[in-house]
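Because the structure is predicted, anything quoted here is derived from the model rather than measured. Below, read A as the first sequence line, B as the second, and so on, with proteins coming before strands; counting in each chain starts at 1.
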Amino acid sequence: MSTSHVLLGLLAAGPRHGYELKRAHDERLPRARPLAFGQVYATLARLHRDGLVAPAGQERDGGPDRTAYALTDDGRAALDHWLGTVEPPMPYVTSTLFAKVVVALLVADAGQARDCLIAQRRAHTQRLRELTALKTAPGARLDEVIAADFAIAHLDADLRWLHTTLDRVADWHREVRS
Amino acid sequence: MTFLQARGVVRAYGHTPALRGVTLDVAEGEILAVTGPSGCGKSTLLHCLAGILRPDAGQVTWRGERIDTWSEAARSRLRRTEFGVLFQFGQLVAELTAAENVALPLLLAGTGRRAARTAALAWLDRLGVADVADARPGEMSGGQQQRCAMSRALVTEPRVIFADEPTGALDTLAGEQVLTQLVRLAREQRTTVVLVTHEPRIAAYADREVSLRDGMVDHTGLGLDPALPGGSR
Ligand SMILES: Nc1ncnc2c1ncn2[C@@H]1O[C@H](COP(=O)(O)OP(=O)(O)OP(=O)(O)O)[C@@H](O)[C@H]1O
Ligand SMILES: [Mg+2]
(Lines give C-alpha, C1' and ligand atoms only; values in the text may rest on other atoms or scores of the structure.)
(Ligands and ions follow the chains in the order given, each with its own letter.)
Protein backbone atom coordinates (compact mmCIF):
# COMPACT_ATOMS: atom_id res chain seq x y z
CA MET A 1 0.00 0.00 0.00
CA SER A 2 1.14 3.51 -0.72
CA THR A 3 1.92 4.79 2.77
CA SER A 4 3.33 8.06 1.46
CA HIS A 5 0.09 8.93 -0.36
CA VAL A 6 -1.98 8.02 2.69
CA LEU A 7 0.16 10.36 4.80
CA LEU A 8 -0.24 13.13 2.21
CA GLY A 9 -3.99 12.56 2.43
CA LEU A 10 -3.95 12.78 6.21
CA LEU A 11 -2.02 16.08 5.97
CA ALA A 12 -4.64 17.59 3.65
CA ALA A 13 -6.67 18.68 6.69
CA GLY A 14 -3.74 20.65 8.15
CA PRO A 15 -0.23 20.22 9.58
CA ARG A 16 0.41 17.30 11.89
CA HIS A 17 3.20 15.76 13.91
CA GLY A 18 4.48 12.30 13.15
CA TYR A 19 2.78 10.74 16.17
CA GLU A 20 -0.53 12.40 15.22
CA LEU A 21 -0.18 10.97 11.73
CA LYS A 22 0.36 7.50 13.10
CA ARG A 23 -2.69 7.82 15.31
CA ALA A 24 -4.86 9.21 12.51
CA HIS A 25 -3.70 6.43 10.18
CA ASP A 26 -4.55 3.65 12.63
CA GLU A 27 -7.91 5.24 13.39
CA ARG A 28 -8.96 5.84 9.79
CA LEU A 29 -7.74 2.50 8.47
CA PRO A 30 -8.75 0.35 11.41
CA ARG A 31 -8.13 -3.08 9.88
CA ALA A 32 -4.87 -2.12 8.17
CA ARG A 33 -1.56 -3.18 9.69
CA PRO A 34 -0.78 -0.41 12.21
CA LEU A 35 2.03 1.94 11.09
CA ALA A 36 5.32 1.79 12.98
CA PHE A 37 6.64 5.16 14.18
CA GLY A 38 9.91 4.48 12.35
CA GLN A 39 8.02 4.06 9.12
CA VAL A 40 6.15 7.34 9.64
CA TYR A 41 9.36 9.30 10.22
CA ALA A 42 11.19 7.62 7.35
CA THR A 43 8.30 8.36 5.00
CA LEU A 44 8.04 11.98 6.17
CA ALA A 45 11.80 12.41 5.61
CA ARG A 46 11.42 11.11 2.06
CA LEU A 47 8.40 13.34 1.36
CA HIS A 48 10.37 16.31 2.76
CA ARG A 49 13.36 15.52 0.54
CA ASP A 50 11.04 15.40 -2.50
CA GLY A 51 9.44 18.72 -1.56
CA LEU A 52 5.96 17.24 -1.00
CA VAL A 53 5.81 18.25 2.67
CA ALA A 54 7.55 21.03 4.62
CA PRO A 55 8.17 21.57 8.34
CA ALA A 56 5.47 23.81 9.78
CA GLY A 57 7.05 25.17 12.92
CA GLN A 58 8.99 23.35 15.58
CA GLU A 59 8.65 23.26 19.31
CA ARG A 60 11.62 24.69 21.20
CA ASP A 61 13.53 21.56 22.15
CA GLY A 62 12.52 19.94 18.90
CA GLY A 63 13.96 16.75 17.50
CA PRO A 64 12.46 15.27 14.32
CA ASP A 65 9.58 13.81 16.33
CA ARG A 66 8.68 17.32 17.50
CA THR A 67 8.29 18.68 14.00
CA ALA A 68 4.86 19.22 12.48
CA TYR A 69 4.69 18.83 8.71
CA ALA A 70 2.38 20.52 6.21
CA LEU A 71 1.43 19.64 2.66
CA THR A 72 3.22 21.76 0.01
CA ASP A 73 1.62 22.72 -3.34
CA ASP A 74 3.63 19.95 -4.99
CA GLY A 75 2.41 17.59 -2.28
CA ARG A 76 -1.20 18.55 -2.98
CA ALA A 77 -0.64 18.00 -6.72
CA ALA A 78 0.92 14.57 -6.06
CA LEU A 79 -2.05 13.64 -3.86
CA ASP A 80 -4.57 14.78 -6.49
CA HIS A 81 -2.70 12.86 -9.17
CA TRP A 82 -2.78 9.69 -7.07
CA LEU A 83 -6.48 10.06 -6.33
CA GLY A 84 -7.18 10.73 -10.01
CA THR A 85 -5.39 7.57 -11.16
CA VAL A 86 -7.46 4.41 -11.43
CA GLU A 87 -5.95 1.40 -9.65
CA PRO A 88 -5.15 -1.36 -12.16
CA PRO A 89 -7.81 -4.00 -11.50
CA MET A 90 -5.86 -7.07 -10.43
CA PRO A 91 -3.01 -7.05 -12.97
CA TYR A 92 -1.55 -10.16 -11.29
CA VAL A 93 -2.99 -12.68 -8.90
CA THR A 94 -0.84 -12.03 -5.85
CA SER A 95 -2.24 -14.22 -3.16
CA THR A 96 -0.37 -16.69 -1.00
CA LEU A 97 -3.63 -18.60 -0.62
CA PHE A 98 -3.94 -19.04 -4.39
CA ALA A 99 -0.30 -20.10 -4.74
CA LYS A 100 -0.59 -22.57 -1.87
CA VAL A 101 -3.65 -24.25 -3.31
CA VAL A 102 -2.01 -24.61 -6.72
CA VAL A 103 1.11 -26.08 -5.15
CA ALA A 104 -1.00 -28.41 -3.00
CA LEU A 105 -2.64 -29.71 -6.17
CA LEU A 106 0.80 -30.19 -7.74
CA VAL A 107 2.51 -32.04 -4.91
CA ALA A 108 -0.29 -33.60 -2.90
CA ASP A 109 -2.86 -36.19 -3.86
CA ALA A 110 -6.46 -35.06 -4.25
CA GLY A 111 -7.28 -36.06 -0.67
CA GLN A 112 -4.49 -33.90 0.77
CA ALA A 113 -5.40 -30.99 -1.47
CA ARG A 114 -8.98 -31.33 -0.30
CA ASP A 115 -7.93 -31.31 3.37
CA CYS A 116 -5.90 -28.17 2.75
CA LEU A 117 -8.91 -26.48 1.09
CA ILE A 118 -11.28 -27.57 3.86
CA ALA A 119 -8.96 -26.34 6.63
CA GLN A 120 -8.65 -23.01 4.85
CA ARG A 121 -12.39 -22.78 4.40
CA ARG A 122 -12.90 -23.26 8.14
CA ALA A 123 -10.41 -20.53 8.99
CA HIS A 124 -12.00 -18.14 6.48
CA THR A 125 -15.49 -18.90 7.78
CA GLN A 126 -14.43 -18.26 11.35
CA ARG A 127 -12.91 -14.89 10.42
CA LEU A 128 -15.98 -13.97 8.39
CA ARG A 129 -18.16 -14.57 11.45
CA GLU A 130 -15.90 -12.52 13.72
CA LEU A 131 -15.97 -9.57 11.33
CA THR A 132 -19.73 -9.86 10.83
CA ALA A 133 -20.27 -9.82 14.61
CA LEU A 134 -17.95 -6.85 14.97
CA LYS A 135 -19.71 -4.86 12.29
CA THR A 136 -23.26 -5.58 13.47
CA ALA A 137 -22.46 -4.85 17.14
CA PRO A 138 -24.54 -1.92 18.37
CA GLY A 139 -22.53 1.30 18.19
CA ALA A 140 -19.97 0.09 15.64
CA ARG A 141 -18.20 3.14 14.13
CA LEU A 142 -18.53 3.85 10.42
CA ASP A 143 -14.73 3.54 9.99
CA GLU A 144 -14.91 0.06 11.48
CA VAL A 145 -17.93 -0.94 9.42
CA ILE A 146 -16.33 0.17 6.16
CA ALA A 147 -13.08 -1.63 6.97
CA ALA A 148 -15.00 -4.78 8.00
CA ASP A 149 -17.05 -4.58 4.77
CA PHE A 150 -13.85 -4.57 2.76
CA ALA A 151 -12.43 -7.59 4.59
CA ILE A 152 -15.78 -9.42 4.39
CA ALA A 153 -16.13 -8.87 0.65
CA HIS A 154 -12.66 -10.30 0.08
CA LEU A 155 -13.11 -13.24 2.43
CA ASP A 156 -16.44 -13.94 0.73
CA ALA A 157 -14.75 -13.97 -2.68
CA ASP A 158 -12.02 -16.28 -1.37
CA LEU A 159 -14.61 -18.59 0.15
CA ARG A 160 -16.60 -18.84 -3.07
CA TRP A 161 -13.39 -19.66 -4.87
CA LEU A 162 -12.48 -22.28 -2.24
CA HIS A 163 -15.93 -23.89 -2.62
CA THR A 164 -15.68 -23.98 -6.39
CA THR A 165 -12.15 -25.33 -6.28
CA LEU A 166 -13.19 -28.06 -3.85
CA ASP A 167 -15.86 -29.14 -6.32
CA ARG A 168 -13.34 -28.98 -9.17
CA VAL A 169 -10.85 -31.10 -7.21
CA ALA A 170 -13.50 -33.79 -6.98
CA ASP A 171 -14.04 -33.64 -10.77
CA TRP A 172 -10.32 -33.58 -11.44
CA HIS A 173 -9.83 -36.58 -9.17
CA ARG A 174 -12.51 -38.46 -11.10
CA GLU A 175 -10.88 -37.52 -14.42
CA VAL A 176 -7.43 -38.66 -13.27
CA ARG A 177 -8.82 -41.96 -12.03
CA SER A 178 -10.89 -42.84 -15.06
CA MET B 1 -34.80 -32.00 26.47
CA THR B 2 -33.76 -30.83 23.05
CA PHE B 3 -35.57 -27.84 21.64
CA LEU B 4 -36.01 -28.80 18.01
CA GLN B 5 -34.65 -31.95 16.51
CA ALA B 6 -34.63 -34.00 13.32
CA ARG B 7 -33.79 -37.70 13.64
CA GLY B 8 -32.97 -39.67 10.51
CA VAL B 9 -35.33 -37.60 8.38
CA VAL B 10 -35.95 -39.06 4.92
CA ARG B 11 -38.08 -37.37 2.31
CA ALA B 12 -38.54 -37.90 -1.43
CA TYR B 13 -40.65 -36.21 -4.09
CA GLY B 14 -41.92 -39.16 -6.11
CA HIS B 15 -38.72 -40.95 -7.08
CA THR B 16 -36.46 -37.98 -6.39
CA PRO B 17 -34.79 -38.32 -2.99
CA ALA B 18 -34.43 -34.92 -1.31
CA LEU B 19 -33.36 -35.92 2.23
CA ARG B 20 -31.59 -39.20 2.92
CA GLY B 21 -31.44 -39.43 6.72
CA VAL B 22 -30.75 -36.04 8.28
CA THR B 23 -30.13 -35.80 12.02
CA LEU B 24 -29.84 -32.35 13.48
CA ASP B 25 -30.35 -30.58 16.82
CA VAL B 26 -31.34 -26.94 17.07
CA ALA B 27 -30.80 -25.36 20.49
CA GLU B 28 -33.11 -22.74 21.90
CA GLY B 29 -31.94 -19.23 21.11
CA GLU B 30 -29.35 -20.21 18.56
CA ILE B 31 -29.02 -18.93 15.04
CA LEU B 32 -28.27 -21.89 12.84
CA ALA B 33 -27.30 -21.56 9.20
CA VAL B 34 -28.13 -24.42 6.83
CA THR B 35 -25.92 -24.21 3.76
CA GLY B 36 -25.06 -26.32 0.74
CA PRO B 37 -25.30 -26.32 -3.04
CA SER B 38 -28.53 -25.86 -4.97
CA GLY B 39 -30.76 -28.92 -4.79
CA CYS B 40 -29.03 -30.45 -1.74
CA GLY B 41 -32.29 -30.41 0.27
CA LYS B 42 -32.11 -27.21 2.34
CA SER B 43 -35.68 -26.04 1.68
CA THR B 44 -37.04 -29.56 2.15
CA LEU B 45 -35.29 -29.85 5.52
CA LEU B 46 -36.64 -26.45 6.58
CA HIS B 47 -40.17 -27.48 5.60
CA CYS B 48 -39.86 -30.72 7.55
CA LEU B 49 -38.56 -28.92 10.65
CA ALA B 50 -41.35 -26.33 10.42
CA GLY B 51 -44.03 -29.03 10.15
CA ILE B 52 -45.02 -28.05 6.62
CA LEU B 53 -43.87 -31.31 5.04
CA ARG B 54 -44.12 -34.71 6.68
CA PRO B 55 -40.99 -36.87 6.45
CA ASP B 56 -41.35 -40.29 4.78
CA ALA B 57 -39.26 -41.73 7.61
CA GLY B 58 -37.57 -40.41 10.73
CA GLN B 59 -38.89 -37.98 13.32
CA VAL B 60 -39.14 -34.28 14.04
CA THR B 61 -39.52 -33.30 17.69
CA TRP B 62 -40.33 -29.93 19.22
CA ARG B 63 -39.76 -29.57 22.98
CA GLY B 64 -39.68 -33.35 23.20
CA GLU B 65 -42.93 -33.97 21.30
CA ARG B 66 -43.08 -35.61 17.90
CA ILE B 67 -44.74 -33.11 15.60
CA ASP B 68 -44.35 -35.08 12.37
CA THR B 69 -47.22 -37.34 13.48
CA TRP B 70 -49.51 -34.42 14.36
CA SER B 71 -52.57 -33.65 12.25
CA GLU B 72 -52.39 -30.94 9.62
CA ALA B 73 -54.59 -28.73 11.82
CA ALA B 74 -52.30 -29.11 14.85
CA ARG B 75 -49.19 -28.42 12.78
CA SER B 76 -50.75 -25.38 11.20
CA ARG B 77 -51.70 -24.04 14.66
CA LEU B 78 -48.04 -24.47 15.66
CA ARG B 79 -47.00 -22.48 12.60
CA ARG B 80 -49.40 -19.69 13.51
CA THR B 81 -48.24 -19.36 17.10
CA GLU B 82 -44.73 -20.67 17.78
CA PHE B 83 -43.14 -20.72 14.33
CA GLY B 84 -42.63 -17.98 11.77
CA VAL B 85 -41.83 -19.09 8.23
CA LEU B 86 -40.27 -17.04 5.47
CA PHE B 87 -40.51 -18.99 2.24
CA GLN B 88 -37.83 -18.91 -0.45
CA PHE B 89 -40.35 -17.58 -2.93
CA GLY B 90 -42.26 -14.93 -0.95
CA GLN B 91 -45.79 -16.33 -0.96
CA LEU B 92 -47.56 -13.09 -0.11
CA VAL B 93 -51.30 -12.96 -0.68
CA ALA B 94 -51.64 -11.18 -4.03
CA GLU B 95 -54.99 -9.51 -3.26
CA LEU B 96 -53.82 -7.91 0.00
CA THR B 97 -51.62 -4.87 0.54
CA ALA B 98 -48.25 -5.17 2.25
CA ALA B 99 -49.69 -3.97 5.58
CA GLU B 100 -52.65 -6.38 5.28
CA ASN B 101 -50.30 -9.27 4.48
CA VAL B 102 -48.19 -8.53 7.54
CA ALA B 103 -51.24 -8.04 9.79
CA LEU B 104 -52.80 -11.31 8.64
CA PRO B 105 -51.13 -13.72 11.09
CA LEU B 106 -52.09 -11.41 13.98
CA LEU B 107 -55.72 -11.25 12.82
CA LEU B 108 -55.78 -15.04 12.55
CA ALA B 109 -54.50 -15.20 16.14
CA GLY B 110 -57.31 -12.93 17.31
CA THR B 111 -55.59 -9.53 17.58
CA GLY B 112 -57.84 -6.52 16.90
CA ARG B 113 -57.69 -4.74 13.55
CA ARG B 114 -56.18 -1.46 14.77
CA ALA B 115 -53.50 -3.13 16.88
CA ALA B 116 -52.64 -5.55 14.07
CA ARG B 117 -52.25 -2.70 11.58
CA THR B 118 -50.07 -0.69 13.98
CA ALA B 119 -47.80 -3.70 14.57
CA ALA B 120 -47.64 -4.44 10.83
CA LEU B 121 -46.61 -0.87 10.02
CA ALA B 122 -43.93 -0.95 12.72
CA TRP B 123 -42.39 -4.11 11.23
CA LEU B 124 -42.53 -2.79 7.68
CA ASP B 125 -40.76 0.31 8.97
CA ARG B 126 -38.04 -1.69 10.74
CA LEU B 127 -37.35 -3.55 7.52
CA GLY B 128 -37.23 -0.34 5.51
CA VAL B 129 -40.38 -0.84 3.41
CA ALA B 130 -42.91 1.37 5.20
CA ASP B 131 -43.36 3.31 1.95
CA VAL B 132 -45.02 0.34 0.22
CA ALA B 133 -47.42 -0.44 3.10
CA ASP B 134 -50.46 0.17 0.90
CA ALA B 135 -49.11 -1.46 -2.27
CA ARG B 136 -50.09 -4.96 -3.38
CA PRO B 137 -47.33 -7.54 -4.05
CA GLY B 138 -47.74 -7.07 -7.83
CA GLU B 139 -46.82 -3.41 -7.40
CA MET B 140 -43.66 -4.08 -5.35
CA SER B 141 -40.12 -4.98 -6.37
CA GLY B 142 -38.79 -8.46 -5.56
CA GLY B 143 -36.71 -7.10 -2.69
CA GLN B 144 -39.66 -5.17 -1.26
CA GLN B 145 -41.81 -8.31 -1.38
CA GLN B 146 -39.08 -10.24 0.40
CA ARG B 147 -38.86 -7.67 3.19
CA CYS B 148 -42.64 -7.64 3.45
CA ALA B 149 -42.63 -11.45 3.78
CA MET B 150 -39.94 -11.15 6.46
CA SER B 151 -42.11 -8.63 8.36
CA ARG B 152 -44.97 -11.11 8.18
CA ALA B 153 -42.77 -13.90 9.59
CA LEU B 154 -41.62 -11.68 12.47
CA VAL B 155 -44.84 -9.88 13.40
CA THR B 156 -46.13 -12.61 15.73
CA GLU B 157 -42.76 -12.70 17.56
CA PRO B 158 -42.51 -16.47 17.13
CA ARG B 159 -40.20 -18.72 19.18
CA VAL B 160 -38.58 -20.07 16.02
CA ILE B 161 -38.07 -18.30 12.72
CA PHE B 162 -37.45 -20.38 9.63
CA ALA B 163 -36.00 -18.17 6.91
CA ASP B 164 -35.31 -19.64 3.47
CA GLU B 165 -32.83 -17.47 1.53
CA PRO B 166 -34.19 -14.30 3.17
CA THR B 167 -31.87 -12.02 1.21
CA GLY B 168 -31.96 -13.73 -2.20
CA ALA B 169 -33.59 -10.74 -3.89
CA LEU B 170 -31.74 -8.02 -1.99
CA ASP B 171 -28.63 -5.94 -2.62
CA THR B 172 -25.87 -6.06 -0.03
CA LEU B 173 -27.04 -3.13 2.09
CA ALA B 174 -30.72 -4.09 2.12
CA GLY B 175 -29.74 -7.68 2.91
CA GLU B 176 -27.62 -6.45 5.77
CA GLN B 177 -30.53 -4.43 7.15
CA VAL B 178 -32.83 -7.46 7.08
CA LEU B 179 -30.28 -9.76 8.72
CA THR B 180 -29.32 -7.21 11.33
CA GLN B 181 -33.00 -6.90 12.33
CA LEU B 182 -33.37 -10.66 12.41
CA VAL B 183 -30.25 -11.18 14.52
CA ARG B 184 -31.10 -8.33 16.86
CA LEU B 185 -34.59 -9.69 17.43
CA ALA B 186 -33.22 -13.18 18.00
CA ARG B 187 -30.69 -11.96 20.58
CA GLU B 188 -33.16 -9.74 22.42
CA GLN B 189 -36.01 -12.23 22.63
CA ARG B 190 -33.94 -15.43 22.60
CA THR B 191 -35.67 -16.40 19.39
CA THR B 192 -34.27 -19.38 17.55
CA VAL B 193 -33.46 -18.89 13.87
CA VAL B 194 -32.95 -21.50 11.18
CA LEU B 195 -31.43 -19.61 8.29
CA VAL B 196 -31.14 -21.31 4.91
CA THR B 197 -28.61 -19.77 2.55
CA HIS B 198 -26.03 -20.72 -0.05
CA GLU B 199 -24.02 -17.55 0.62
CA PRO B 200 -21.06 -17.69 3.03
CA ARG B 201 -21.52 -14.01 3.81
CA ILE B 202 -25.08 -14.61 5.00
CA ALA B 203 -24.21 -17.79 6.90
CA ALA B 204 -21.67 -15.69 8.82
CA TYR B 205 -24.52 -14.06 10.74
CA ALA B 206 -25.24 -17.41 12.39
CA ASP B 207 -23.69 -18.95 15.51
CA ARG B 208 -23.29 -22.30 13.82
CA GLU B 209 -23.43 -23.76 10.34
CA VAL B 210 -24.57 -27.13 9.07
CA SER B 211 -23.87 -28.02 5.44
CA LEU B 212 -25.95 -30.45 3.45
CA ARG B 213 -24.80 -32.37 0.41
CA ASP B 214 -27.02 -34.70 -1.60
CA GLY B 215 -29.66 -34.82 1.12
CA MET B 216 -27.26 -35.60 3.96
CA VAL B 217 -25.29 -33.64 6.54
CA ASP B 218 -21.84 -33.05 5.08
CA HIS B 219 -19.52 -34.04 7.93
CA THR B 220 -16.40 -33.80 5.83
CA GLY B 221 -17.05 -30.20 4.89
CA LEU B 222 -17.97 -27.56 7.40
CA GLY B 223 -20.19 -30.14 9.02
CA LEU B 224 -21.45 -29.34 12.47
CA ASP B 225 -19.37 -26.37 13.42
CA PRO B 226 -19.03 -25.53 17.09
CA ALA B 227 -20.43 -22.15 18.05
CA LEU B 228 -18.00 -19.27 18.07
CA PRO B 229 -16.05 -19.34 21.32
CA GLY B 230 -17.01 -16.27 23.33
CA GLY B 231 -19.85 -15.56 20.92
CA SER B 232 -22.44 -12.99 21.92
CA ARG B 233 -24.99 -15.56 22.97
N1 LIG C 1 -42.01 -30.02 -5.33
C2 LIG C 1 -41.04 -30.82 -5.79
N3 LIG C 1 -41.29 -31.80 -6.67
C4 LIG C 1 -40.31 -32.61 -7.11
N5 LIG C 1 -39.01 -32.52 -6.72
C6 LIG C 1 -38.70 -31.54 -5.86
C7 LIG C 1 -39.70 -30.65 -5.35
N8 LIG C 1 -39.08 -29.79 -4.49
C9 LIG C 1 -37.78 -30.15 -4.47
N10 LIG C 1 -37.54 -31.19 -5.29
C11 LIG C 1 -36.24 -31.88 -5.47
O12 LIG C 1 -35.71 -32.21 -4.22
C13 LIG C 1 -34.33 -31.93 -4.13
C14 LIG C 1 -34.06 -30.96 -2.99
O15 LIG C 1 -34.72 -29.73 -3.25
P16 LIG C 1 -34.71 -28.49 -2.27
O17 LIG C 1 -35.69 -27.51 -2.77
O18 LIG C 1 -34.87 -28.96 -0.86
O19 LIG C 1 -33.21 -27.99 -2.49
P20 LIG C 1 -32.48 -26.65 -1.96
O21 LIG C 1 -31.22 -27.08 -1.27
O22 LIG C 1 -33.42 -25.80 -1.20
O23 LIG C 1 -32.06 -25.93 -3.33
P24 LIG C 1 -31.96 -24.37 -3.71
O25 LIG C 1 -30.67 -23.86 -3.10
O26 LIG C 1 -31.87 -24.39 -5.19
O27 LIG C 1 -33.18 -23.68 -3.19
C28 LIG C 1 -33.93 -31.43 -5.51
O29 LIG C 1 -33.38 -32.49 -6.22
C30 LIG C 1 -35.22 -30.97 -6.11
O31 LIG C 1 -35.20 -31.13 -7.51
MG1 LIG D 1 -34.30 -23.94 -1.56
Practice problem: Measure across Arg129(A) and Asp207(B) and return the closest heavy-atom pair with its distance rounded to 0.1 Å. | Solution: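 What the structure gives for the nearest pair is NH1-O, 3.2 Å.
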
Practice problem: Against chain B, work out which of Leu128(A), Ile152(A), Thr136(A) has the most heavy-atom pairs shorter than 4.5 Å and name it. | Solution: Leu128(A)

Quiz item: Between CZ of Arg160(A) and NE2 of His198(B), what distance do you get to the nearest 0.5 Å?
Solution: 6.5 Å

Quiz item: How long is the span from the CG atom in Leu159(A) to the CZ atom in Arg201(B), to the nearest 0.5 Å?
Solution: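 Interatomic distance, Leu159(A) CG to Arg201(B) CZ, rounded to 0.5 Å: 11.0 Å.
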
Practice problem: Below 4.5 Å from any heavy atom of chain B, which atoms of Asp149(A) appear? Answer side chain, backbone, both or neither. | Solution: side chain

Exercise. Name the region of Ala153(A), side chain, backbone, both or neither, that has any atom closer than 4.5 Å to a heavy atom of chain B.
Key: both

State whether the number of non-hydrogen atoms from other residues, nucleotides or ligands found under 6.0 Å of [X] atom [atom1] is greater than 12.
X         : atom1 : answer
Arg28(A)  : CZ    : no
Arg33(A)  : CZ    : no
Asp171(B) : CG    : yes
Arg7(B)   : CZ    : yes

